[in-house]
Participant: 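I have a structure here, written as structure tokens, and I will follow up with some questions on it.
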Amino acid sequence: MKIAVFSTKPHDREFLKGGSHEFAFLEPRLDSTTAELAHGFGGACLFVNDTADAAAIDSLADGGCRLIALRCAGFNNVDLQAAKRRGIVVCRVPEYSPYAVAEHAAGLLLALNRKIHRAHARIREGDFSIKGLMGFDLHGKTAGVVGTGRIGAAFCRIMLGFGCRVLAHDPFPNPALQQLGVEYTPLPRLLESSDVVSLHCPLTPGTAHLIRAETIAQMKPGVFLINTSRGKLIHTPDAIHALKQGLIGALGIDVYEEETGVFFENLSDTIIADDVLMRLTTFPNVLITSHQGFFTREAVENIAATTLANIDEFAATGDCTNRVHPA
Ligand code: NAI
């Protein structure tokens, strides 16, 4: 099959190869204005910040596209109803390395707690003082994990390893985690009891702005909030307000609700227009990474292998085991 790969980065060229398919590596993100680039291709391969809304899908379908192969797990950026209506099969990579994202979440937490980002900056300036860098022992603290699928489960195990009490909230409790001592609880109790809250649920209409003024008010003052899932789980202006009041003690994010067009790009020569994002960068207790949670060698190899297998299966059968259906 001929596949148009949108939002191409160097690692895509390096890993997405092999098999009998012909890949055209395109740097633009997919949206309704760029979908035409895929005309004449049987499939489009998309990443997290491509926008496969109804207009983009209509254009892809008009151009002969029959497959959207997501090289990611989340699929909130694809209008699945529109794809179904236009006869396009959507498949994804449901699992590639839950450890990559869970370990990154733990990294954000550790860096924020022990202020490693600030210590690094100080030492580069010849300032070896430790004033203001005091953290706390994670051992004995309570970690609240929202969503205990693949990544949330790996994060629970890491927190248990640190000696934390782990509370979890998920409509589908995982008995293996319960056996390890993870306690499932309704969200309000998790929020009011946790020193650290880490988000690992998908973005759906039901979880959008799960963290907003009302839910922040339920949290322990000074809570450490980590989000490696999807930016829109947090209402960012409410989080900024809570940071200014000290209600949120630290915020670690790998995702941001308006990240499209910013994350993954080098904008160091431009004026960034997003005042909310720029305000976030001014807090000493906010650590932002640019959607790199997935970015380990193992994960990228697995993403490429599953994407190729998905395309192979679709080319052979017209369907795919990792197909995503509308809810
Ligand atoms: P998963 O599908 O294995 O687990 C998601 C879990 O969330 C499920 O157990 C589900 O029951 C639970 N859930 C659904 N609604 C919920 C709610 N309202 N409250 C609490 N739990 C709820 O997904 P996986 O692989 O663990 O990924 C989680 C999320 O991480 C993805 O949806 C994606 O947005 C994000 N992600 C981020 C990456 C990054 O690079 N930062 C990379 C990969 C995924």
Side-chain angles (χ1 to χ4, degrees), residues 7 9 11-12 46-50 70-78 80 92-109 143-159 166-178 182-191 194 197-212 215 218 226-234 252-257 259-260 262-264 287-304 306-307 322 324-325 327:
S7 300
K9 295 291 175 214
H11 63 268
D12 295 310
L46 310 184
F47 197 49
V48 290
N49 287 331
D50 290 308
L70 292 163
R71 51 188 193 283
C72 56
F75 48 87
N76 52 287
N77 53 336
V78 181
L80 295 175
R92 66 176 181 135
V93 181
E95 180 174 21
Y96 42 88
S97 168
Y99 312 109
V101 185
E103 289 169 12
H104 192 74
L108 289 173
L109 170 60
V145 182
V146 182
T148 56
R150 298 169 184 89
I151 296 168
F155 187 77
C156 284
R157 290 189 170 92
I158 292 172
M159 290 295 103
V166 179
L167 299 179
H169 175 69
D170 193 305
F172 302 99
N174 176 340
L177 292 179
Q178 284 172 312
V182 173
E183 303 165 47
Y184 281 87
T185 177
L187 188 62
R189 183 166 165 263
L190 179 149
L191 297 179
S194 299
V197 172
S198 193
L199 306 178
H200 299 287
C201 59
L203 174 63
T204 64
T207 60
H209 292 160
L210 185 78
I211 304 300
R212 55 188 184 278
T215 42
Q218 297 169 6
I226 307 294
N227 185 13
T228 55
S229 192
R230 283 293 179 266
K232 217 178 173 161
L233 294 178
I234 297 181
I253 54 173
D254 187 48
V255 287
Y256 167 59
E257 53 185 326
E259 70 180 52
T260 302
V262 178
F263 281 19
F264 304 128
L287 194 49
I288 305 173
T289 52
S290 184
H291 209 137
Q292 66 174 80
F294 75 99
F295 203 42
T296 65
R297 172 162 294 279
E298 292 80 358
V300 172
E301 280 171 359
N302 289 340
I303 288 171
T306 304
T307 302
N322 291 325
V324 199
H325 294 277

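When a ligand or atom number is given, it counts from 1 through the structure's own listing order.
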Participant: May I ask you to identify the nearest protein heavy atom to atom 23 (O) of ligand 1, giving residue, atom name and distance to one decimal place in Å?
Facilitator: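 In this structure, atom 23 (O) of ligand 1 has R150 NH1, 4.4 Å as its nearest protein heavy atom.
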
Participant: Number the atoms of ligand 1 from 1 as they appear, then name those within less than 4.0 Å of a heavy atom of D170, with their elements.
Facilitator: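 In order of number, 6 (C), 7 (O), 8 (C), 9 (O), 10 (C), 11 (O), 12 (C), 20 (C), 21 (N).
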
Participant: Go through the steps for L199 and I234 under the test side-chain contact (heavy atoms from CB on, under 4.5 Å), then give the verdict.
Facilitator: CA-CA 9 Å; L199 306 178; I234 297 181; 3.9 Å; yes

Participant: Go through ligand 1 atom by atom and flag the ones less than 4.0 Å from a non-hydrogen atom of F172.
Facilitator: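 Contacts of ligand 1 toward F172, numbered from 1: 11 (O).
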
Participant: Going by distance only, is there an N or O of Q292 that falls short of 3.5 Å from an N or O of ligand 1?
Facilitator: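 By distance alone, the answer is no.
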
Participant: So, taking the atom named CG in L287 and the one named CG in L108, what distance separates them when rounded to the nearest 0.5 Å?
Facilitator: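 Output value for this atom pair is 5.5 Å.
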
Participant: Just go through G293, S290, P202 and tell me whose heavy atom is the nearest to atom 14 (C) of ligand 1.
Facilitator: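 Looking at heavy atoms only, the winner is P202.
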
Participant: Which is closest to atom 16 (C) of ligand 1 in terms of heavy atoms, C72, G147, P171?
Facilitator: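 When every heavy atom of C72, G147, P171 is considered, P171 comes closest to atom 16 (C) of ligand 1.
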
Participant: Working to the nearest 0.5 angstrom, can you tell me the gap between T307 OG1 and L46 CG?
Facilitator: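 With rounding to 0.5 Å, OG1 (T307) is 10.5 Å from CG (L46).
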
Participant: Less than 3.5 Å between some nitrogen or oxygen of R230 and one of ligand 1, yes or no?
Facilitator: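 Yes.
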
Participant: Step by step, work out the side-chain contact (heavy atoms from CB on, under 4.5 Å) result for T228 and H200.
Facilitator: CA-CA 7 Å; T228 55; H200 299 287; 3.4 Å; yes

Participant: To the nearest 0.1 Å, how far is atom 37 (C) of ligand 1 from its closest protein heavy atom, and which atom is that?
Facilitator: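 The answer is T228 O, 3.1 Å.
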
Participant: Let me confirm one number: the CG-SG distance from N174 to C156, rounded to the nearest 0.5 Å.
Facilitator: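 Atom-to-atom, N174:CG and C156:SG are 8.0 Å apart.
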
Participant: Which heavy atom of Q292 sits nearest a heavy atom of D254, and at what distance?
Facilitator: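 It is N-OD1, 2.8 Å.
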
Participant: Hey, are the side chains of F295 and H11 touching, using non-hydrogen atoms and a 4.5 Å cut-off?
Facilitator: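 Of all side-chain heavy-atom pairs linking H11 with F295, at least one is under 4.5 Å.
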
Participant: Which atoms of ligand 1 are found less than 4.0 Å from any heavy atom of V101?
Facilitator: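 Matching atoms, with element in brackets: 38 (C), 42 (C), 43 (C).
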
Participant: Which protein heavy atom lies closest to atom 28 (C) of ligand 1, and at what distance to 0.1 Å?
Facilitator: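 Residue, atom and distance for the closest contact: H200 O, 3.3 Å.
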
Participant: When you measure from the heavy atoms of S229 to every atom of ligand 1, does any distance fall below 4.0 Å?
Facilitator: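 Right, S229 reaches ligand 1.
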
Participant: I'd like the name of whichever of Y96, F263, F75 reaches closest to atom 43 (C) of ligand 1 through any heavy atom.
Facilitator: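 Among Y96, F263, F75, the closest heavy atom to atom 43 (C) of ligand 1 belongs to Y96.
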
Participant: Check A154 against P98 and note the closest heavy-atom contact, atom names and distance.
Facilitator: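 Scanning both residues, the minimum pair turns out to be CB-O, 4.2 Å.
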
Participant: Which of the numbered atoms in ligand 1 are below 4.0 angstrom from a heavy atom of D254?
Facilitator: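 By the 4.0 Å cutoff, the relevant atoms are 39 (C), 40 (O), 41 (N).
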
Participant: In terms of ring plane angle, is the pair F264 and F294 parallel, tilted or perpendicular, where the classes change at 30° and 60°?
Facilitator: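 The rings of F264 and F294 stand perpendicular, inter-plane angle above 60°.
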
Participant: Can you tell which of V48, V146, I151 gets a heavy atom nearest to atom 26 (O) of ligand 1?
Facilitator: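 Checking each option, the heavy atom nearest atom 26 (O) of ligand 1 is found in I151.
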
Participant: For residues N302 and S97, is any side-chain donor paired with an opposing acceptor at under 3.5 Å?
Facilitator: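 Result is no, nothing qualifies.
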
Participant: Can you find a side-chain donor-acceptor pair between T296 and Y99 that sits under 3.5 Å?
Facilitator: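 Note: T296 and Y99 side chains miss the donor-acceptor criterion.
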
Participant: Considering heavy atoms of the protein only, find what lies nearest to atom 40 (O) of ligand 1 and give residue, atom and distance to 0.1 Å.
Facilitator: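 Nearest protein contact, heavy atoms only, for atom 40 (O) of ligand 1 is F294 N, 3.0 Å.
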
Participant: How far is atom 4 (O) of ligand 1 from the closest protein heavy atom, and which atom is that?
Facilitator: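 Going atom by atom, the protein heavy atom closest to atom 4 (O) of ligand 1 ends up being G149 CA, 3.1 Å.
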
Participant: Can you tell me how far the CG atom of N76 sits from the CG atom of L203, to the nearest 0.5 Å?
Facilitator: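 Those atoms lie 4.5 Å apart.
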
Participant: Of the side chain and backbone of H169, name the one, both, or neither that has a heavy atom under 4.0 Å from an atom of ligand 1.
Facilitator: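 It is both backbone and side chain that touch ligand 1.
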
Participant: Consider every N or O of A73 and every N or O of ligand 1, then say whether any pair is closer than 3.5 Å.
Facilitator: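 For ligand 1, there is no N or O atom that lies under 3.5 Å from one belonging to A73.
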
Participant: Under 4.0 Å from a heavy atom of T207: which atoms of ligand 1 are those, numbered in the order shown and with their elements?
Facilitator: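 Ligand 1 atoms under the 4.0 Å threshold to T207: 17 (C), 18 (N).
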
